[in-house]
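Notes follow the structure.
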Amino acid sequence: MAYKRQIDRLPIVPKDAKEFNVTCHYCIVGCGYKAYTWPTNKQGGTAADQNKFGVDLSKQQPAETAAWYAPSMYNIVRQNGSDVHIVIKPDKDCVVNSGLGSVRGARMAEMSYSQQRNTQLQRLTDPMVWRYGQMQPTGWDDALDLVARVTVAVINDKGEDGLFVSAFDHGGAGGGYENTWGTGKLYFGAMKVKNIRIHNRPAYNSEVHATRDMGVGELNNCYDDAELADTIVAVGTNALETQTNYFLNHWVPNLRGSSMDKKKAEFGSEPVARAKVVIVDPRRTVTVNACEVEAGKENVMHLAINSGSDLALFNAWLTYIASKGWTDKAFIDASTKNFDKARAANNVSLDEAARITGLTADQIRQSAEWIAQPKAGNARRRTMFAYEKGLIWGNDNYRTNGALVNVALATGNIGRPGGGCVRMGGHQEGYSRPSDAHVGRPAAYVDKLLIEGKGGVHHIWGCDHYKTTLNAFKFKQAYKKRTDMVKDAMMTAPYGDRAAMVNAIVGAIKKGGLFAVDVDIVPTKIGEACHVWLPAATSGEANLTSMNGERRMRLTEKYMDPPGHAMPDCLIAARIANNMERVLREQGKGQYADKFKGFDWKTEEDAFMDGYHGHEKGGEFVTYEHLRAMGTNGFQEPATAFTDGKIIGTKRLFADGKFGGKDGKATFMETKWRGLQAPGKEDERKKWPFLINNGRSNITWQSAYLDQDNEFVMDRTPYPYIQMNPDDMAELKLKQGDLVEVYNDNGSTQAMAYPTPTAKRKQTFMLFAFPAGVQGNVVSPGVNEFIIPNYKQTWGNIRKLAEAPEGVKHLSFKSLEYTGRSA
Amino acid sequence: MSHCDKMVDAGRRRFLGGAGFAAAGAAVATMVPAQAKAAPGAARVDYPSNRLANISDLKPNEPFAVAYPDTDAPGVLLKLGERVPGGVGADGDVVGFSTTCPHKGFPLNYNSADKTMNCPGHYSRFDCESGGQQVWGQATQNLPQYALRVDDKGDIYAEGVDELLYGRLSNVL
């Protein structure tokens with residue numbers, strides 16, 4: 001039986017409830033929400049003058065009402081030391097989501113720490129240290145002293161290259177401008193740490209190097225453009241599941257034809273119609289289905305290419321479009337360079353591209369027509385290009401990214417209404433750090449160095465390599481061995497004898513051990529190997545700023561207390577800096593200690609003012625006070641002025657035709673096809689029968705770090721699914737829900753078989769980064785020239801482990817695709 | 001992963017029996033003079049026992065439109081042909097669900113081919129053979145299912161709902 005809450009009524013938000021601006025802290029879209037809080041011994045009433053909504057709640061409310069909230073939007077939390085009711089519900093007035101809540105964001109209240117209602121009690125409340133053979137609570141001073149002393153000892157011995165760091169670089173929960181600045185100032189300001197990597201990849205690098213190198217920042221359009229485009233090209237993005245309300249609130253109106261008035265208002269007499277969609281994805285996703293439902297199959301082209309062959313398709317588009325004369329010559333001349341060079345280098349025939357991609361030449365030709373064939377009256381077709389992990393974590397990342405931007409530039413579709421060439425995004429953004437130039441390019445392959453025994457101390461900020469890296473199984477084995485050496489050494493000294501303890505730790509490090517410090521909000525998988533856990537606050541427990549996929553910056557106001565002694569990451573970074581400064585002075589290293597000055601922040605706002613306000617483009621116009629006034633709509637970065645109480649933003653980048661290159665031009669890139677680029681991938685493809693494609697699902701956020709403690713999610717997804725063609729399942733004698741082992745030479749992992757008739761034979765899709773079965777275990781260490789991982793092109797074999805366990809017997813295994821009414 | 005189901009269950013009970021009750025008492029107190037004794041309130045709403053249909057009205061796999069707990073709350077009875085969770089009747093195959101999507105309140109359509117309820121608003125799907133489990137979608141709860149009883153005459157009564165209905169903060173208005 002499916003999980004039911006058995007809740008048949010909820011407390012009503014009273015008229016005088018406090019109201020806070022909230023941006024959903026999960027995905028890139030950053031939907032606007034409002035949090036309402038009020039004392040536990042009060043409640044509103046059904047009469048219109050007794051509740052926050054001013055409506056008669058004794059009546060049934062209609063569809064899309066703002067005057068209703070689900071049980072998942074309600075909780076009791078601590079605020080300024082007192083218990084309060086809280087409702088966090090979507091904000092109808094936010095232009096991003098217009099009141100829509102996703103299955104992730106609409107659970108924010110239920111996913112909050114509540115001792116009163118026993119939700120998210122997994123949250124860390126105290127610093128924890130390895131003491132007497134297990135993790136034990138301690139005070140901040142004690143934990144920070146230990147971290148500082150060991151870190152300084154390692155630097156004394158190995159220099160700053162002995163300090164390894166894994167750190168978020170994004171916005172939303174586990175990130176944000178305050179916290180990227182706090183960590184950035186510590187590791188790139190006070191120190192010059194080189195061996196650092198980002199939360200979901202093994203090095204410190206951009207996932208979209210190519211577009212930046214071409215002078216085209218990757219978040220260059222606005223969500224309105226999806227309503228204005230003639231054609232949307234979606235590459236390796238399953239937007240309905242992973243940028244849900246961007247798709248529902250901005251793509252669907254164009255697919256349905258209900259944004260026609262908006263188009264007419266914007267484009268005058270230019271011919272307009274409902275959107276056509278080209279989707280490049282080896283797999284049929286729910287996004288493909290929804291596009292067909294809304295736009296009609298005749299307006300949707302699903303190009304189910306051979307996995308990893310995107311680049312050849314894009315080069316064929318460029319070649320064909322140029323040969324037909326459908327390029328935007330005026331734009332190319334005025335705003336770009338190297339077009340002819342790139343066109344010549346990337347030249348590929350339709351037939352050759354068809355051979356590589358597995359498409360027909362007709363499919364490629366027709367999709368090129370949808371992209372660039374002029375409309376009636378020779379009007380330029382407005383095409384928006386959107387891409388995400390299918391490209392970013394796919395074959396030959398750098399060149400493939402460049403090849404797509406080539407097509408967008410050639411057709412004049414950047415900086416113009418209805419255009420853009422944008423990544424769809426995972427997390428929100430929120431990057432503010434001192435220069436990372438010293439890291440170099442290519443950046444250090446940190447995970448590989450850790451496996452090889454390099455480094456002595458590892459600071460981890462909101463990352464979980466055990467779930468979200470490539471070659472994860474071998475990484476885990478090596479990491480456990482090294483950190484166990486330190487754990488064993490720590491048991492030889494009394495914890496209270498700090499000098500003896502540090503000596504024991506340093507001794508183990510000299511023998512190849514690793515001391516690991518994990519800053520996070522919950523106990524993580526890699527945390528099992530760590531020696532210190534530092535408890536962080538998350539969004540809503542501290543003020544937090546981030547921007548979404550159209551650069552829309554908002555402030556999420558603090559609406560509840562962090563659990564126990566947890567602190568915002570920026571303040572944890574500051575306190576580490578303070579302690580390192582103290583220890584260095586104690587050791588007579590005054591000059592080095594001076595580098596750790598400037599961390600006397602008391603609040604997250606101090607970090608914001610020091611970082612974003614003081615250092616980012618347009619930051620001088622942005623303060624907490626100004627952002628509060630901008631509400632859930634915020635402004636689009638960069639800010640250009642503060643006028644009449646409002647921050648003035650930037651709707652689209654490059655609208656003036658000036659790009660990021662030194663000469664203001666965008667540069668076309670030579671992107672010749674070179675097969676499966678990452679070392680070992682081609683052999684892996686030949687050796688193993690199944691493609692182990694992988695990615696995200698609608699219901700789980702990221703690595704399920706909070707979802708793993710949510711009954712509603714775990715009831716639906718107790719194990720990561722692997723979608724398989726039913727005939728493949730029959731061959732392996734698998735029934736739905738059976739646990740299978742996925743294995744290859746890189747490692748092995750487990751998943752739950754989910755029969756999927758639309759899956760191609762021998763092409764599976766496994767949920768990524770799930771705690772009960774880590775897909776990264778079977779991903780090879782092969783990367784591109786800039787150490788970007790290639791998760792998507794993974795091949796392996798599958799065998800049965802066990803019959804469906806009791807915990808999956810209640811599950812539905814029906815198709816995920818919306819069907820409408822049956823005939 | 002450490003996971004303590006007992007604690008979670010205890011928490012749920014505490015919510016239903018504790019906070020909900022206390023809040024209901026407080027509401028009453030605001031409506032009467034300050035010195036008055038708070039009136040007792042029930043922890044849960046009182047569901048009516050409503051006759052929705054007779055077994056003989058149901059045809060296999062054909063939706064039978066009903067409303068429960070009142071006429072503003074549309075629902076459906078289904079005779080699915082196989083014993084299912086929450087099913088009543090001689091074959092344990094009769095179930096009842098709300099037909100208002102718990103995401104944004106759009107009316108759900110029944111797909112008899114795979115026995116799911118489907119939402120044209122945002123593509124959510126619920127499995128009528130799995131207690132209304134959301135197969136895929138935007139709602140943060142599974143589809144509210146009726147507690148059904150069949151009497152000797154074959155009359156089908158609804159006597160409760162297991163999730164909050166969309167558009168009302170109390171299942172009984």
When you look at NZ of A:Lys15, are more than 12 heavy atoms from neighbouring residues, nucleotides or ligands closer to it than 6.0 Å?
no
Check the surroundings of atom CD in B:Glu62: do more than 12 heavy atoms from other residues, nucleotides or ligands lie under 6.0 Å from it?
yes
Got a salt bridge between A:Lys814 and B:Asp114, using NZ or NE/NH1/NH2 to carboxylate O under 4.0 Å?
no
Can you list the steps and then say if A:Glu241 with B:Trp136 is a side-chain hydrogen bond (donor to acceptor under 3.5 Å, both in side chains)?
CA-CA 10 Å; A:Glu241 293 207 71; B:Trp136 187 93; 3.0 Å; yes
Give me the contact list for [range] versus chain A, heavy atoms only, anything under 4.5 Å, ordered by residue number.
range                       : value
residues 158-173 of chain B : B:Val161, B:Asp162, B:Glu163, B:Leu164, B:Leu165, B:Tyr166, B:Gly167, B:Arg168, B:Leu169, B:Ser170, B:Asn171, B:Leu173
residues 64-71 of chain B   : none
residues 127-134 of chain B : B:Asp127, B:Glu129, B:Ser130, B:Gly131, B:Gln133, B:Gln134

Heavy-atom pair with the smallest gap, counting every atom of [X] and [Y]:
X        : Y        : answer
B:Asn109 : A:Gly820 : CB-C, 4.5 Å
B:Val45  : A:Arg9   : CG1-CD, 3.9 Å
A:Ala70  : B:Thr140 : CB-OG1, 3.8 Å

Ranked by heavy-atom pairs below 4.5 Å to chain B, first place among A:Phe247, A:Trp68, A:Phe813, A:Phe712 goes to A:Trp68
Heavy-atom pairs under 4.5 Å with chain B - which of A:Ile12, A:Val713, A:Asn289, A:Leu240 has more of them than the others?
A:Leu240
Pairwise side-chain contact, [X] with [Y], heavy-atom cut-off 4.5 Å (strictly under):
X        : Y        : result
B:Gln138 : A:Asn245 : no
A:Ile7   : B:Gln141 : no
A:Thr244 : B:His122 : no
B:Arg125 : A:Glu817 : no

Top contributor to chain A contacts, counting heavy-atom pairs under 4.5 Å, from B:Pro107, B:Gly105, B:Gly121, B:Ser124
B:Gly105
Most heavy-atom pairs under 4.5 angstrom with chain A, which of B:Pro85, B:Ala73, B:Pro144?
B:Pro85
Contacting region of A:Glu294 [heavy-atom separation from chain B under 4.5 Å]:
side chain
Set of residues satisfying salt bridge (Lys or Arg N to Asp or Glu O under 4.0 Å) with respect to B:Lys79, sequence neighbours excluded:
B:Asp91, B:Asp93
Between the side chain of B:Asp72 and the main-chain N/O of A:Gln60, is any donor-acceptor distance below 3.5 Å?
no
Is there a donor-acceptor contact under 3.5 Å from the side chain of B:Asn142 to the main chain of A:Tyr3?
yes
Can A:Thr819 and B:Tyr123 be said to form a side-chain contact (heavy atoms from CB on, under 4.5 Å), step by step?
CA-CA 8 Å; A:Thr819 59; B:Tyr123 326 119; over 6 Å; no
